[in-house]
Number of protein chains: 2
Amino acid sequence: MSNFSIFLKERRKTVGLTQEELASKAGVGLRFIRDLEQGKKSLRLDKVNQVLSLFGKEVGVVDFNS
Amino acid sequence: MSNFSIFLKERRKTVGLTQEELASKAGVGLRFIRDLEQGKKSLRLDKVNQVLSLFGKEVGVVDFNS
DNA sequence: TGTATATGATCCCGATCGGGTATAAAATAG
DNA sequence: CTATTTTATACCCGATCGGGATCATATACA
């Protein structure tokens with residue numbers, strides 16, 4: 001599982017959103033949210049950022065250790 | 001410009017690699033390296049990680065302020 | 001001058017993404 | 001403890017797009 005998979009799944013739950021609600025809020029498909037939370041590796045960067053931006057975050061360079 | 005665009009361009013130069021050499025080392029196309037360093041938004045995550053891993057880094061969640 | 005880089009235009013293959021649907025699991029109601 | 005609803009997972013399909021390869025041109029730089 002990647003880094004944002006966990007981050008997003010937890011954040012979504014703490015704010016009480018369903019996957020479907022998050023999808024429509026972020027302007028992406030439900031399938032994408034599911035792939036994302038499932039840790040799919042080959043997602044598109046802009047789509048991931050589209051979702052992360054709802055939580056004031058974005059994709060960036062990090063070390064292997066979290 | 002995104003975060004890894006700058007990071008990768010600088011790293012590549014400090015280790016003395018051309019875009020072409022980096023591309024073949026990372027197993028991606030030259031065009032991808034160029035798009036990457038130019039900050040293209042819609043790249044695929046796995047490919048970006050493929051390149052970042054050469055420098056012991058990966059893609060992760062970060063704040064808007066770097 | 002030659003080398004590295006940037007940008008644009010194709011073509012082509014394969015994957016992503018979204019929509020729909022069917023199903024499974026979890027939560028809630030009766 | 002069941003029945004119903006909600007939420008999550010899995011699969012197929014079709015349109016779209018990424019990315020590799022290649023050629024061409026333009027610019028920056030050593």
Side-chain angles (χ1 to χ4, degrees):
Chain A
M1 275 235 209
S2 77
N3 192 321
F4 19 78
S5 311
I6 305 157
F7 172 81
L8 280 169
K9 190 161 193 172
E10 286 175 356
R11 273 303 183 88
R12 177 176 62 79
K13 296 207 165 183
T14 63
V15 300
L17 287 175
T18 68
Q19 292 180 330
E20 204 163 4
E21 289 168 333
L22 179 58
S24 92
K25 256 184 173 300
V28 301
L30 175 58
R31 262 270 317 282
F32 180 82
I33 296 293
R34 299 197 163 147
D35 288 343
L36 185 61
E37 293 190 354
Q38 213 175 351
K40 191 171 180 181
K41 299 294 185 187
S42 54
L43 302 172
R44 294 220 305 249
L45 212 43
D46 54 343
K47 299 278 177 182
V48 177
N49 280 324
Q50 213 171 311
V51 180
L52 282 176
S53 67
L54 294 180
F55 302 101
K57 303 281 183 179
E58 68 182 351
V59 161
V61 180
V62 298
D63 275 334
F64 278 129
N65 11 358
S66 181
Chain B
M1 276 238 209
S2 75
N3 198 319
F4 18 79
S5 312
I6 304 157
F7 172 82
L8 280 170
K9 190 162 190 171
E10 286 174 356
R11 272 305 181 87
R12 179 176 61 79
K13 296 208 167 185
T14 62
V15 299
L17 287 174
T18 68
Q19 292 178 331
E20 207 163 2
E21 289 168 332
L22 179 58
S24 92
K25 255 184 173 301
V28 300
L30 174 58
R31 195 44 187 256
F32 181 82
I33 296 294
R34 296 192 164 151
D35 287 343
L36 185 61
E37 292 191 355
Q38 289 307 305
K40 190 173 179 181
K41 299 296 186 187
S42 56
L43 303 172
R44 274 173 42 177
L45 270 175
D46 55 343
K47 298 281 180 181
V48 177
N49 279 325
Q50 215 170 310
V51 180
L52 282 176
S53 68
L54 294 180
F55 302 101
K57 304 281 184 178
E58 68 181 352
V59 157
V61 179
V62 298
D63 275 335
F64 277 129
N65 13 355
S66 190

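Below, chain A is the first sequence line, B the second, and so on; all start at residue 1.
Remark: side-chain polar atoms of A:Ser5 are paired, donor with acceptor, to backbone N or O of A:Leu36 under 3.5 angstrom. The main-chain N or O of A:Leu43 is never found under 3.5 Å from a side-chain atom of B:Asp46 such that the two would form a donor-acceptor pair. With hydrogens and angles ignored, the 3.5 Å screen pairs a side-chain donor or acceptor of B:Arg12 with a backbone N or O of B:Leu17. Of the possible polar contacts, one joining the B:Gln50 side chain to the B:Ala26 backbone as a donor-acceptor pair under 3.5 Å is found.
Rounded to a whole Å, the NZ atom of B:Lys41 is 18 Å from the P atom of D:dC17. Straight-line distance from the CZ atom of B:Arg34 to the C1' atom of C:dT3: 12 Å, rounded to whole Å. Across the protein-nucleic acid pair, A:Leu22 atom CG and D:dT7 atom P stand 13 Å apart, rounded to whole Å. In this entry the distance linking NZ of A:Lys13 with P of C:dA27 reads 8 Å, nearest Å. In this structure, B:Glu10 places its CD atom 15 Å from P of C:dT5, rounding to the nearest Å. Rounded to whole Å, the distance from CD on B:Glu21 to C1' on C:dA4 is 11 Å. Atom P of nucleotide D:dA8 and atom CD1 of A:Ile33 are separated by 11 Å, given to the nearest angstrom. A straight line from CG of B:Asp35 to P of D:dC17 spans 16 Å, rounded to a whole angstrom.
OP1 or OP2 of C:dA6 has at least one side-chain nitrogen or oxygen of B:Lys9 nearer than 4.0 Å. The phosphate of C:dT5 (OP1 or OP2) has a side-chain N or O of B:Arg12 nearer than 4.0 angstrom. Applying the 4.0 Å criterion to OP1 and OP2 of D:dA8, one finds that A:Gln38 has every side-chain N and O outside that range.
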For nucleotides 8-13 of chain C, give me every protein contact, N/O to N/O, under 3.5 Å, one pair per line with atom names.
| unit_1 | atom_1 | unit_2 | atom_2 | d |
| --- | --- | --- | --- | --- |
| C:dG8 | N7 | B:Arg31 | NH1 | 3.3 |
| C:dG8 | N7 | B:Arg31 | NH2 | 3.4 |
| C:dG8 | O6 | B:Arg31 | NH1 | 3.4 |
| C:dA9 | N6 | B:Arg31 | NH1 | 3.3 |

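The stretch residues 47-55 of chain B has no heavy atom under 4.0 Å from DNA chain C, so no residue of it qualifies as close.
Ranking D:dC17, C:dA6, D:dG19 by closeness to the B:Glu37 side chain, first place goes to C:dA6. When distances are taken from the side chain of B:Arg44 to each of C:dA6, C:dA15, D:dG20, the shortest belongs to C:dA15. Proximity note for B:Ser42 (side chain, C-beta onward) versus C:dT5, D:dG18, C:dT7: the nearest is D:dG18.
Residue A:Val61 comes nearest to B:Val62 through the heavy atom pair O-CG1, 4.4 Å, listed as atom of the first residue, atom of the second, then distance.
For A:Lys57, the salt bridge (charged side-chain N to carboxylate O under 4.0 Å, His left out) partners two or more places apart in sequence, or in a different chain, are B:Asp63.
Along DNA chain C, the nucleotide nearest to B:Glu20 and the one nearest to A:Gly29 differ in position, and the one closer to the 5' end is contacted by B:Glu20. Across the interface with DNA chain C, nearest-nucleotide mapping of B:Asp46 and B:Gln19 shows B:Gln19 to be the residue nearer the 5′ end.
Applying the 6.0 Å contact sphere to CD of A:Glu21 captures more than 12 heavy atoms from other residues, nucleotides or ligands.
In this structure the side chain of B:Phe4 reaches within 4.5 angstrom of the side chain of A:Leu45, judged on heavy atoms. B:Thr14 is listed as a side-chain neighbour of B:Arg11, based on a closest heavy-atom distance under 4.5 Å.
Interatomic distance, A:Arg44 CZ to B:Lys47 NZ, rounded to the nearest 0.5 Å: 14.5 Å.
B:Leu30 comes within contact range of no nucleotide atom at all, as no heavy-atom separation falls under 4.0 Å.
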